[in-house]
Amino acid sequence: MSEDYRSMWTGLGLDLAAHDALLNVLGQGYGQLFMSQKNRPAGMGYFDFVMSEVHGLRVKELLDAKAAGRKVIGAFCLFVPEEIVLAADGVMVGLCTGADFATEKVEELLPRNTCALIKSMFGFKLGRVCPYLESCDMIVGENTCDGKKKAYETFSKLVKNLYVMDMPQMKSAQGSELLKAEYYRFLKTVEELTGVKIDAARLKKGITIANNKRKAVQRVARLRAADPAPISGLDALLINQVFFYDDPVRFTDSVNAICDELETRIAKKEGVFAAGTPRVLMAGCPMAVPNWKVPAIVEGSGAVIVGEESCIGERGTRNLVDDSAKDLSGLMDAITERYFAIDCAIFTPNPERANHILEMKDQCHADGVIHYGLQFCTPYLMEAIPVEKKLNAKNVPVMRLETDYSSEDAGQLKTRVEAFVELLK
Ligand code: BJ8
């Protein structure tokens, strides 16, 4: 890190010893997995820098924004509309939930058989190691799966500023009305928090910034269809992870710059792996920073990941908000429509998701699909079975994995992944 941020972390109430330990593990893991890759695009230098400053410069930027009167809003889920936060000059950050921390303390509050993502949310708070969580003026939880829904009841006792958004469970007209009503309630809360009245012009500006960010990552997704793949799955995942906490305009520019580079690579037939390398589409649960275990195993087993059907991937970025309406209510309708199309497994039934996996498989020219489910995640683990059946019926090879954030099963996973990759050759 370029500066000493210890006084900033102390001011945020972090446990410095535990935080140092976390940064050490993160730094080592990043060095081993990312910096050792061959033929990386030069543009990844920006993301290496972002990661090296993940708890430093970006947190300082958030605190500077707060000092200038802006509010920071943290979110755990895709259903929190960044457009509304941006419309009120707020800053939205995705709160990452990709590592185990303070597990003993967590298990005093949650059952052991809770998914790793929810446990991580608690672990980062109880262990006092997340400067993002501690910088937030408001944290948004959402009633998505049963685990999160119930966990927020306990989480609200750990943080002062938790706002819970209700969520529909069915893609019905009533479901869409519920989401719209929740987005209006959220808009009002954001207005009260920030003291900014959101009008159509402000909301349109927020929509433009968020859409541009999504368009940039959609460009990366399209370029990954090339063979040889111009960027590794690990690096593309990293871009999708940084999507959630970097400054949105700077992020968009950096991703577009890397896309220009990838286009040149494709024209010269340059790639990260040789042409003809088996191509895998990952599908399933989100992989938040620093959850790189399975992608590292897949790419270390002789395959390249060419797409992520995940919230940290295309599920979160493939749809834009239509910004053609002139008034606030038209724009709110468009925002609702965009988010209601997200095919998270918390919806029942949810046939769009399997169809989308098939579409993605064709678009990114994948040879097979690995369905990644977190242990105890009922929605995704249950949905994995019909997804597999549907894909198998179209002769698409599928492997279902169930894992957590520990490295205990790494050897076993590697053996299974290697066998699957052999099958794709
Ligand atoms: S839009 S996937 S971010 S809810 S892994 S906590 S589902 S038991 S994360 Fe999610 Fe929003 Fe949907 Fe995406 Fe529950 Fe499963 Fe745990 Fe999960």
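All heavy atoms count here, side chains included; hydrogens, waters and symmetry mates do not. Atoms within a ligand are numbered from 1 in the order they appear, just like the ligands themselves.
- A cation-pi arrangement is present between Lys213 and Phe243 under the rule of less than 6.0 angstrom and at most 45 degrees off the ring axis.
- A 4.5 Å side-chain heavy-atom check between Tyr184 and Ser329 finds at least one atom pair inside the cut-off.
- Shown in contact with Ile118 at under 4.0 Å from a heavy atom are these atoms of ligand 1, numbered in order with element: 6 (S).
- Neither the backbone nor the side chain of Ile342 has a heavy atom within less than 4.0 Å of ligand 1.
- Below 4.0 Å from some heavy atom of Phe79 lie the following atoms of ligand 1, by number and element: 1 (S).
- In terms of protein heavy-atom proximity, atom 2 (S) of ligand 1 is nearest to Tyr380 OH, 3.2 Å.
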*Passes side-chain contact (heavy atoms from CB on, under 4.5 Å), Leu413 versus Thr403? Steps please.*
CA-CA 9 Å; Leu413 286 174; Thr403 183; 3.8 Å; yes

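- Residues Glu402 and Leu374 form no side-chain contact, since every pair of their non-hydrogen atoms from C-beta on lies 4.5 Å or further apart.
- Protein heavy atom in closest approach to atom 12 (Fe) of ligand 1: Cys344 SG, 2.3 Å.
- Between atom 9 (S) of ligand 1 and the options Lys148, Glu142, Met121, the minimum heavy-atom separation is to Lys148.
- Looking only at heavy atoms of the protein, atom 5 (S) of ligand 1 is closest to Cys377 SG, 3.6 Å.
- Between the side chains of Lys149 and Thr144, no donor-acceptor pair of N or O atoms lies under 3.5 Å.
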*asked:* Test salt bridge (Lys or Arg N to Asp or Glu O under 4.0 Å) on Lys150 and Glu153; report intermediate values, then the result.
replied: CA-CA 5 Å; Lys150 297 307 287 181; Glu153 292 174 16; 2.8 Å; yes

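- For atom 16 (Fe) of ligand 1, the closest heavy atom belonging to the protein is Cys115 SG, 2.3 Å.
- The nearest heavy-atom contact from the protein to atom 13 (Fe) of ligand 1 is Cys311 SG, 2.1 Å.
- Residue contacts with ligand 1 include Pro286, since one or more of its heavy atoms lies under 4.0 Å from the ligand.
- Using a 4.5 Å heavy-atom cutoff, the side chains of Met35 and Arg40 are in contact.
- Of the candidates Asp246, Asp247, Asp253, Arg250 forms a side-chain hydrogen bond (donor to acceptor under 3.5 Å, both in side chains) with just one, namely Asp246.
- Remark: among candidates Ser120, Cys77, Cys145, Ala345, the nearest residue to atom 11 (Fe) of ligand 1 is Cys77, based on non-hydrogen atoms.
- Ligand 1 places these atoms under 4.0 Å from at least one heavy atom of Thr144: 4 (S).
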